[in-house]
Number of protein chains: 2
Amino acid sequence: MHMVVRTFEKNEIIYSEGDEPKNLLCLIKGKVKIYKEGVGGRNQIVRVVRPVEYFGYRAAFSEENYVTGAAAFEASTIAIIPMRLIYSIVDRNAHLCNFFIRKLAKALGKSDERTVNLTQKHIRGRLAESILFLKENYGVEEDGCTLSIYLSREDMANLSNMTTSNAIRTLSLFAQEKMIAIDGRKIKIINEEALRKTSEIG
Amino acid sequence: MHMVVRTFEKNEIIYSEGDEPKNLLCLIKGKVKIYKEGVGGRNQIVRVVRPVEYFGYRAAFSEENYVTGAAAFEASTIAIIPMRLIYSIVDRNAHLCNFFIRKLAKALGKSDERTVNLTQKHIRGRLAESILFLKENYGVEEDGCTLSIYLSREDMANLSNMTTSNAIRTLSLFAQEKMIAIDGRKIKIINEEALRKTSEIG
DNA sequence: GGAAAAGCGTGTTTTTTAGCATACCTTTGT
DNA sequence: ACAAAGGTATGCTAAAAAACACGCTTTTCC
């Protein structure tokens, strides 16, 4: 009945679809994906978490089991706070209550936008958008243009709703077109304007 | 600074993407769609509202303008409650606060599931799912199998993430396969089991 | 009541995307 | 150091979905 902090190694699962939510999680250090298993082993990343953000509490508040899973993109440090503690505080702390309302409301808006982006844009648009999203969310290295997250092609695909081969193919195309430069998992944004345009028009 | 009730006619817009959210809405009677404009005039219905449900408050809580629009599927009666009233109550009423947390948390879970269903299932799966969804959400007529909502083919398409012609074609196929019977906009579920299977396997 | 518009049905073509197969290159673990 | 496994690259084929074209029917509105 008290908070603990533990580390998760790269690719370690933090919780799985169907698990009962007992804790509020707070990412102290690292990078985490929230994903959903789809048809034929294909996963869809629905959200990503950066430090310092809370996650894993939605299911608890709606009294359901998790409908998504969470895993560490890279070695991560996470604070684990029993939801029972939270419930008792929320009940008499309007401030905390508003905090969660706000977080949930923002996440819902993002989720709705994401639904449309993933369903209506074409492959190039979706991938361009993912690259920009990763930049906005996790930032870049000191050079100002290399994404500071290094994802496998499969994770890029799962983020962008496409097959791994299409992610590989389209990344190569973007590199040919000098919108990005790729070196293994390192993605450098060369022409952000073009990328933005691609993400908008498809 | 007080609640009003007004009616909206069929297809009338209740609020639009980009509008500033000032009110909490409550659908008293009728049926409402929450949708998002996509690429090339294609809309995606992200949620539907039935009586008696609250809607239109998400954007207010997250202090954004609306990212979705709302319109009446059919003639509807709606209570309009200024958000300013709500804010003042939420601040000191833990019960109401929990109500909104719960609603938002549930909606977010649904939205995540919807994202994956819309992106990964094939046309047949998506349409079958929409039909079952409409049954669960709005129910059936006295005969126990005719959906009590009558949508245009275009709305069926917008609900299922497909073009209007594909919605028309696939509905005809389902009718040929005796899973449903169609008579204009009337959809009768003949073989729910088959429909459910179609929605699962694609 | 009749013209115009909106909605529906069906067939064909084209584009987009998934699915495979194969080769090569990097890690990982022993 | 080496085998095995996992990840990346590329080409080809098949399937799915969109786009288009056209005719027909129903609604809407002067």
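Every chain is numbered from 1 and lettered A, B, ... according to where its sequence line falls, protein lines coming before strand lines. No hydrogens, no waters, no symmetry mates; every other heavy atom, side chains included, goes into these values.
Using a 4.0 Å cut-off, no side-chain N or O of A/Arg169 falls inside it from OP1 or OP2 of D/dA9. Under 4.0 angstrom from either OP1 or OP2 of D/dT26 there lies no side-chain N or O belonging to B/Arg185. A sub-4.0 Å separation between OP1 or OP2 of C/dC8 and a side-chain N or O of B/Thr164 is absent. Put simply, A/Asn166 has no side-chain N or O that comes within less than 4.0 Å of OP1 or OP2 on C/dT17. Applying the 4.0 Å criterion to OP1 and OP2 of C/dA6, one finds that B/Arg153 has every side-chain N and O outside that range. Dashed line: the shortest gap from a side-chain N or O of A/Ser172 to OP1 or OP2 of D/dT10 is under 4.0 Å.
For B/Ile123, the side-chain atoms get nearest to D/dA17 when compared with the rest of C/dT17, C/dC20, D/dA17.
Looking at heavy atoms from C-beta onward, A/Leu171 lies in side-chain contact with A/Ile131 at the 4.5 angstrom threshold. Taking the side chain as every heavy atom from C-beta outward, A/Thr7 and A/Ser76 never approach each other to under 4.5 Å.
Atoms OH (A/Tyr150) and C1' (C/dT26) sit 17 Å apart, rounded to a whole Å. In this structure, CG of B/Leu171 is placed 12 Å from C1' of C/dG9, rounded to the nearest angstrom. In this entry the distance linking NZ of A/Lys10 with C1' of C/dT28 reads 12 Å, nearest Å. Counting to the nearest Å, the P atom of D/dA15 and the NZ atom of B/Lys121 are 23 Å from each other. As rounded to whole Å, 13 Å separates atom P of D/dG11 from atom CD1 of A/Ile168.
For the helix from C/dG1-D/dC30 to C/dT30-D/dA1, the axis fitted to the five pairs at one end and the axis fitted to the five pairs at the other end meet at an angle of 60° (nearest 10 degrees).
For B/Thr115 and A/Thr115, the side-chain atoms include at least one donor-acceptor pair closer than 3.5 Å. A side-chain donor from one of A/Asn98 and B/Asp91 sits under 3.5 Å from a side-chain acceptor of the other.
Listed for the B/Gln120 side chain is a donor-acceptor partner under 3.5 Å among the backbone atoms of A/Val39.
A cation-pi geometry, defined here as NZ or CZ lying under 6.0 Å from the six-membered ring centre and within 45° of its normal, holds between A/Arg6 and A/Phe8.
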